[in-house]
Amino acid sequence: MDTTVRVRFAPSPTGGLHLGGVRTVLYNYLFARQHRGEFVLRIEDTDQNRYVQGAEAYIFDCLQWCGLEPDESVVHGGAYGPYRQSERKENYRQYAEQLVRDGHAYYAFDTPEELEKMRQENRSETNPSPQYDHAVRNRMKNSLTLKEEEVNRLIKEGIPHVIRILIPKEERVSFTDMIRGEVSFETSVVDDKVLLKADGMPTYHLAVVVDDFLMKITHAFRGEEWLPSAPVHILLWKYLFGLDKMPQWAHLPLILGPNGKLSKRDGAKYGFPVFAMNWTDPVTGELTEGFKEKGFLPEAFINLLALLGWNDGTDQEIFRLEELVEKFSMDRVHSGGARFDYEKAKWFNHEWIKASNAGRLMPFVKPVLEAKGLPVNDESFLEKIITLVKERCHLLPDFYDQSFFFFKSPEKIDLEAIQPKWNEQKQLFFAEVIRNFELDPEWKASILESNFKEIAAANHIKPGDVLLPFRIMLVGGKFGPGVFDIAEILGRDETIHRIKETLLRLS
RNA sequence: GGCCCGUUCGUCUAAGGGCUAGGACACCACCCUUUCACGGUGGUGAUACGGGUUCGAAUCCCGUACGGGCUACCA
């Protein structure tokens, strides 16, 4: 008996990959790793009308960035391929036909216009969304109402038709969800979903069941928005493969935006990323921002996603991926939806930046600076800077604001912050500081600081009165790490140069 | 409208019948820091409502309210 845990993430390549999608990937990945199982990525591209150029490659890019690589997929290979449903088209028809033979499904010849008409006629105050169900199926054009010869004739003539599931009249369908426990539905309110479309492609409902079976999926995790269609899938499992073969389901709580299910619109509206990486719609050219480009570390992104709906029962909030693999459990996943909080997301990133050493940060920070035109040719120089400023960076681009002055003289010097209290005495003080710095043999922050303070004392100046001016001379404003640390890294020549420059502008 | 899922500080959550309902983000105050941060200490702030069950309910049950999802030949 094969008991290998096999899970799958089954996105439809129609656009960017958002938070909820990545979290589903993450939970799949964690579950698979923890059980030494296999994680499959299946592309659900059964809707040809929704094909989007580049969307599939984009999904793989996102997973790679997150470090959540599948074991089997279109690009990783595997024994259960093809992993693109459009390439599995032949598989589905036979199952649909089998259902028809067994009396669990039927052919339907209704045209889109006829369906619209049916909905139009049945629409009312009490029934705003009429369904194709037991109440109307006997009045429609299908193999339930047509004579057998007529059905055969229509099929032979190539009249477009679909296959619909025949939902039983009054039956209680229930299953045990790993997160919610027992969930049940009354079939009388479930409609006869299309299984096989007129173009021969399966709908999600058929495809998910057939492929989960063929790919030997043991646990199926998906968003809560799928819960209402679960009875259809349960019934299909029962009719086709047997409920004992059905994977265990877990319907993950939704990630909510400021109002309702998080959408990419929310991101644009409230100024936070929703997709994992930048996504540009190939048709409209519209760009939707991603966490990566916004300046998140993949570790932080994973961490914050893991905690959006799950916790290990302790107060711990910072987790490495390996730790999550060890500690994750589906029964500690919350059943209620979780509102995404961008402030908290940034906090996670900040924590990860602080916890990462300069070497780890280097490949992220260097491009940030270079993109802004700063020349980074000495990595050990940059390493010192990263270590010095990282605790004040929440997002990667903050590294620019916190360290540009190490690479070039500040363009703007906040003279207004020093001018009002500027005087001859301070002018003379800095002249002496320059002379002292020129002679200093070691050029170390601690020495610089003690010399600076001694000179101040000798001139009867409070250090506080000259420290801020000194800072502004070096960085241009009231920000940055310790001013003597800055001077040390800047070096003797540059430090003295900047003091002189500002002195000139002050006099 | 119908069906399904849900409901603990503003937000993410802990507490699986038993201490004063705990932590984190955010916010506020103070300390540290002669900048900005980091850090530290403290503070504001929650069991939706009504009924049961029980010696005892955030926790179990019922109802109500509210929120969300679904209701396509989309996934």
Side-chain angles (χ1 to χ4, degrees), chain A residues 10-14 44-47 49-50 108 110-112 115-116 119 123-133 160-164 177 179-180 183-186 188-191 193-205 207-208 222-231 251 253-254 256 259-261 304 307-318 332 334-348 350-351 354 389-394 398 401-402 414 417 453 456 462-468 470-472 475 477-483:
Chain A
S12 101
T14 52
E44 307 238 348
D45 58 348
T46 54
D47 188 356
N49 301 321
R50 295 215 303 164
D110 315 279
T111 64
L115 289 173
E116 184 44 41
R119 295 202 175 95
R123 190 147 23 228
S124 70
E125 199 110 311
T126 56
N127 184 16
S129 325
Q131 305 193 111
Y132 198 118
D133 59 14
H161 61 277
V162 301
I163 293 180
R164 285 179 183 271
D177 186 276
I179 296 171
R180 286 149 222 283
V183 181
S184 66
F185 302 82
E186 200 60 55
S188 57
V189 294
V190 179
D191 61 334
K193 289 266 184 266
V194 169
L195 265 18
L196 200 73
K197 299 187 261 190
D199 63 4
M201 280 287 194
T203 59
Y204 173 82
H205 307 293
V208 71
R222 64 195 348 178
E224 190 187 340
E225 70 267 30
W226 288 109
L227 213 37
S229 54
H251 289 87
L254 258 17
L256 276 9
N259 8 256
K261 191 162 83 161
L304 74 92
L307 272 282
L308 214 48
W310 172 88
N311 72 85
D312 76 339
T314 73
D315 288 341
Q316 184 176 349
E317 294 195 274
I318 303 299
R332 286 205 63 89
H334 219 247
S335 46
R339 201 170 306 282
F340 173 66
D341 180 359
Y342 188 46
E343 293 306 317
K344 183 90 184 228
K346 283 190 285 192
W347 175 80
F348 274 108
H350 188 202
E351 291 300 308
K354 282 190 293 176
V389 306
K390 67 179 184 180
E391 69 205 36
R392 53 202 81 206
C393 298
H394 290 249
D398 294 343
D401 304 307
Q402 294 296 337
D414 186 7
K453 287 180 175 170
K462 280 184 287 184
D465 291 340
V466 279
L467 235 20
L468 186 66
F470 185 33
R471 162 177 303 282
I472 290 174
V475 312
K478 298 184 215 176
F479 59 90
V483 68

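In what follows, chains carry the letters A, B, and so on, assigned in the order in which the sequence lines appear, proteins first and then strands, with residues in each chain numbered from 1.
For A/Glu391, there are no side chain to side chain donor-acceptor pair (under 3.5 Å) partners two or more places apart in sequence or in a different chain. With sequence neighbours excluded, no residue satisfies side-chain contact (heavy atoms from CB on, under 4.5 Å) with A/Asp315. Here A/Arg392 pairs with A/Gln402, A/Pro481 under the side-chain contact (heavy atoms from CB on, under 4.5 Å) rule; sequence neighbours left out. Taking the side-chain contact (heavy atoms from CB on, under 4.5 Å) definition, one finds that A/Asp414 meets it with A/Glu416, A/Ala417, A/Ile472, A/Lys478, sequence neighbours left out.
Nucleic acid contact for A/Leu467: base, since at least one base atom lies under 4.0 Å from a heavy atom of the residue. At a threshold of 4.0 angstrom between heavy atoms, the contacts of A/Ala198 include nucleobase atoms, whether or not backbone atoms are also involved. Counting non-hydrogen atoms under 4.0 angstrom, A/Gly309 reaches the backbone sugars and phosphates but no base. Nucleic acid contact for A/Arg471: base, since at least one base atom lies under 4.0 Å from a heavy atom of the residue. Residue contacts for A/Ile472: at a heavy-atom cut-off of 4.0 Å it reaches no nucleic acid atom on any strand shown. A/Arg50 comes within contact range of at least one nucleobase, with a heavy-atom separation under 4.0 Å. At a threshold of 4.0 angstrom between heavy atoms, the contacts of A/Arg119 are confined to the sugar-phosphate backbone, with no base atom among them. In this structure, A/Thr46 reaches the sugar-phosphate backbone alone: every heavy-atom distance under 4.0 Å involves primed, P, OP1 or OP2 atoms, never a base. Across all strands shown, A/Arg332 has heavy atoms under 4.0 Å from sugar-phosphate atoms exclusively, and none from any base. Counting non-hydrogen atoms under 4.0 angstrom, A/Val183 reaches the backbone sugars and phosphates but no base. Nucleic acid contact class of A/His205 (heavy atoms, under 4.0 Å, all strands): none. Counting any heavy atom pair closer than 4.0 Å across all strands shown, A/Pro253 reaches no nucleic acid atom.
Nucleotides B/U47 and B/A15 place their C1' atoms 11 Å apart, quoted to the nearest Å. Taking atom C1' in both B/G16 and B/A26, the straight-line distance is 30 Å, to the nearest Å. A distance of about 33 Å separates the C1' atoms of B/G52 and B/C70, rounded to the whole Å. As rounded to the nearest Å, B/G6 and B/U44 have C1' atoms that lie 28 Å from one another.
Along RNA chain B, read 5' to 3', the first and last nucleotides having any atom under 4.0 Å from a heavy atom of chain A are B/G1 to B/A75.
If you check B/G45 for Watson-Crick or wobble pairing at under 3.5 angstrom, you find it has no partner at all. Nucleotide B/A24: paired with B/U11 (Watson-Crick or G-U wobble, both distances less than 3.5 Å).
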Can I get a per-line list of side-chain donor-acceptor pairs under 3.5 Å for residues 341-348 of chain A, giving both atom names and the distance, sequence neighbours left out?
{"residue": "A/Asp341", "atom": "OD1", "partner": "A/Glu343", "partner atom": "N", "Å": "3.1"}
{"residue": "A/Lys344", "atom": "NZ", "partner": "A/Glu317", "partner atom": "OE2", "Å": "2.9"}
{"residue": "A/Trp347", "atom": "NE1", "partner": "A/Glu351", "partner atom": "OE2", "Å": "3.3"}

